[in-house]
Number of protein chains: 2
Amino acid sequence: MKSDAGRQTLNIRQVAARAGVSTSTVSRVLNQSGYVKAEVRARIEQVIAETGYVPSGVATNLKKSSTQMVGVVIPRINSFASSEITAGISTALSEFGYIPILGSSTNIPENEVRYIDIFKRQRVDGVLILATQLTEPLLESMREISVPVVVIGQDASAFGIPCVIQDERQATRQLTDHLIRSGHRRIGLIGVADWDIQVGCERKGGYLDALAAVGIEADPAWTVTGGFDLKDGAAGADRLVPYIHSGVPTALLAVTDRLAIGAMSRLIERRIDVPQEVSVAGVGDIDVASVYNPKLTTVHFDYFGTGAVAAHMLVAQMREEPIAPEARIMPFELRIRDSVANLKPRP
Amino acid sequence: MKSDAGRQTLNIRQVAARAGVSTSTVSRVLNQSGYVKAEVRARIEQVIAETGYVPSGVATNLKKSSTQMVGVVIPRINSFASSEITAGISTALSEFGYIPILGSSTNIPENEVRYIDIFKRQRVDGVLILATQLTEPLLESMREISVPVVVIGQDASAFGIPCVIQDERQATRQLTDHLIRSGHRRIGLIGVADWDIQVGCERKGGYLDALAAVGIEADPAWTVTGGFDLKDGAAGADRLVPYIHSGVPTALLAVTDRLAIGAMSRLIERRIDVPQEVSVAGVGDIDVASVYNPKLTTVHFDYFGTGAVAAHMLVAQMREEPIAPEARIMPFELRIRDSVANLKPRP
DNA sequence: CTGAAAGCGCTAACAT
DNA sequence: ATGTTAGCGCTTTCAG
């Protein structure tokens, strides 16, 4: 006897009818709630198996006013950090029976609030937002949505919103310290626009802190600013090449690994040896950092873990385990590799 | 007068009451359907603005029996190809007002069918599945779900399921031809397990085709097989190093760029110059392929476009514009760069 | 242990 | 132009 699965989707009433019981009894076996005589239960399960019946989640959602979905807004999912974070989110969420619905803002702030609106309408149980900046409209819509929110990548704690961030400043500070310890005093910077608080300001801030601590003044001529792409790194390198040819700076700090790799690639193309003629360091430790030629000295962030932690914080809130609206700061680790030359070798 | 947005979520009836009209009138202004006197409309919009009312998508979904959601199942989202494909999907889908809900199978076949089940329960309007293998249970659940499905990455047309794939065999064939044209006759292969039809079989098949066409026999000793990771590429290189030291093979074809880069990194570590001592080619053209040192010769696939095309095919079907259950084959392009040496320079 | 009935929040005939 | 009514598919008291 072949099953008649695959026919048009049927509902709980039809299943009840087939099994000769009421809908509430079917509902009880579906939810393992209440008592159902073993025999009746068997008959119902029989029918379910035969028909391939799957209860409508949307009806259940409506009834229970909970969807088990969490909205995730990401700018540009196709980047190493974002996709690792998303993987962490997805993995952690699925442990608790939640499923992510995705909004890709493609770095356009209006899209972020647009997606939050969509999520609100879909009645998600919570929202995770990977933000590059905290604009007023964004904050506004995070307040208006009446479900828990966790921000990733920007410090929203001042606005009473829990978040998880990296210690960008400290990380970049220590990386720059390493450069200085290796004998570099003239260090160029390949940065990004400062509307990105974490990458644009904090990372740059860490670099400046380190220089200031040893009384070095940063030369603005060695500071270039652009986008986040490989080619932006290359463009930055191009602009610094004339200086490098004249002997300073001796090292370049790129605020992301992508920029660092873009820059190294261009330097190598121009026959400038890294790290013999100029050292390069990045931030983030993307997967290829450790296999690039030369291997990139950088600072490692646990992006997957960041996503997972954010998801856990959200789950806690969705379960009414209230958490402090604090900034959870993720640890980092220096990864000293081959792209930075040691200018003062041990005697 | 401050708005009282943010209070507990209210429903259409409360909005109707506040505006002194019936729910259907509110519904009409919400959906721009039917006639509503301008004055009344204004009053309702007023109330909506004041209260920050957002209609419940789940109620609408239930009523309209359509959710505007499409389920996307991805193995391991944190890989270049997957995340590009996902970005393409997300972008294309949002053009048509659909929103992706994500299931990360983490390469476990059971998870794929598990997610399809979840999607079925959530009553998604369609499903996109990025498959690495077409197992019987998977095919079964794709048949049982009563909404359109498009498979990405595997040829499912034989099972009556539309899909979009790369021409893996032809691409690898032409890449190998290039190696041969460059004077390489002894070419090693860094492959993957053959349960992955496209990467494990087809790409290897293209390589074998090319060799066979010029009467070269592949030496099984130069064929290594492993996983998809950078370290698998390195492991492959390790196993081939002894042969390379003895002069053959002169070139290595890695079936993915990640493997190629992992291999190159290890070769360089072992002071084997690429491409002077051995050439390396990859497949896929991931972002860093063009900036690696040396720049990787590979074949370019348009992953973002692949995701977008699949999404379009799905949208067509969801709109009842039936499409043939064919395999849509995406174009590819050789990218000749610096990692392959030319053994027979022009005289 | 099981069934009847009342909604969850919305839409769409069908009236008026 | 607007209101009434009957569900969409499910869960959950409340009675038996």
Practice task
Name the orientation class of the two ring planes belonging to A/W195 and A/F228 (parallel below 30°, tilted from 30 to 60°, perpendicular beyond 60°).
Solution key: tilted
Handout entry: Value in whole Å for how far the P atom of C/dC1 lies from NZ of A/K37
Key = 9 Å
Exercise for the section: Round to the nearest Å and state the distance from B/L30 atom CG to C/dT11 atom P. Expected result: 6 Å
Handout entry: Nearest-nucleotide pick for A/A59, side chain only, options being D/dC10, D/dT2, D/dT11
Key = D/dC10
Exercise for the section: Mind calculating the distance between CG (A/N61) and P (C/dG9) to the nearest angstrom? Expected result: 13 Å
Show the distances under 3.5 angstrom between N or O atoms of the protein and N or O atoms of nucleotides 4-7 of chain C.
residue : atom : partner : partner atom : Å
C/dA4   : N6   : A/S24   : OG           : 3.2
C/dG7   : N2   : A/K63   : NZ           : 2.6
C/dG7   : N3   : A/K63   : NZ           : 2.9

Problem - Minimum-distance nucleotide (side-chain atoms of A/L62 versus D/dT2, D/dG9, C/dC10) - result: D/dG9
Exercise for the section: Check every strand shown and say whether B/V58 touches a base, only sugar-phosphate, or nothing at a heavy-atom separation below 4.0 Å. Expected result: nothing
Handout entry: B/V70 backbone acceptor or donor facing B/D125 side chain under 3.5 Å
Key = no
Fill in the blank from the handout: Among the nucleotides D/dA1, C/dT2, D/dT11, whichever has the atom closest to the side chain of A/S27 is D/dT11
Handout entry: Between P of D/dA1 and CZ of B/R43, the distance in whole Å
Key = 15 Å
Fill in the blank from the handout: Closest of C/dA12, C/dC10, D/dT12 to the B/K64 side chain is C/dA12
Exercise for the section: Report yes if the side chains of B/V54 and A/R123 come closer than 4.5 Å at any heavy-atom pair, otherwise no. Expected result: yes
Problem - Nearest-Å distance for atom pair CD/C1', residues B/Q32 and C/dA12 - result: 17 Å
Fill in the blank from the handout: A/R121 CZ to C/dG9 P, in whole Å, measures 16 Å
Practice task
Provide, to the nearest angstrom, the distance between the CD atom belonging to A/Q14 and the P atom belonging to D/dC8.
Solution key: 10 Å
Handout entry: Nearest heavy atoms of B/Q317 and B/P162, plus distance in Å
Key = NE2-CG, 3.6 Å
Handout entry: Any A/N31 side-chain N or O less than 4.0 Å from OP1/OP2 of D/dT11
Key = yes
Handout entry: Whole angstrom value for the distance that separates P of D/dG3 from OH of B/Y35
Key = 18 Å
Exercise for the section: Have a look at the helix from C/dC1-D/dG16 to C/dT16-D/dA1 and give the angle its two end axes make, five pairs each, rounded to 10 degrees. Expected result: 40°
Problem - Phosphate OP1/OP2 of D/dC10: any A/Y53 side-chain N/O under 4.0 Å - result: yes
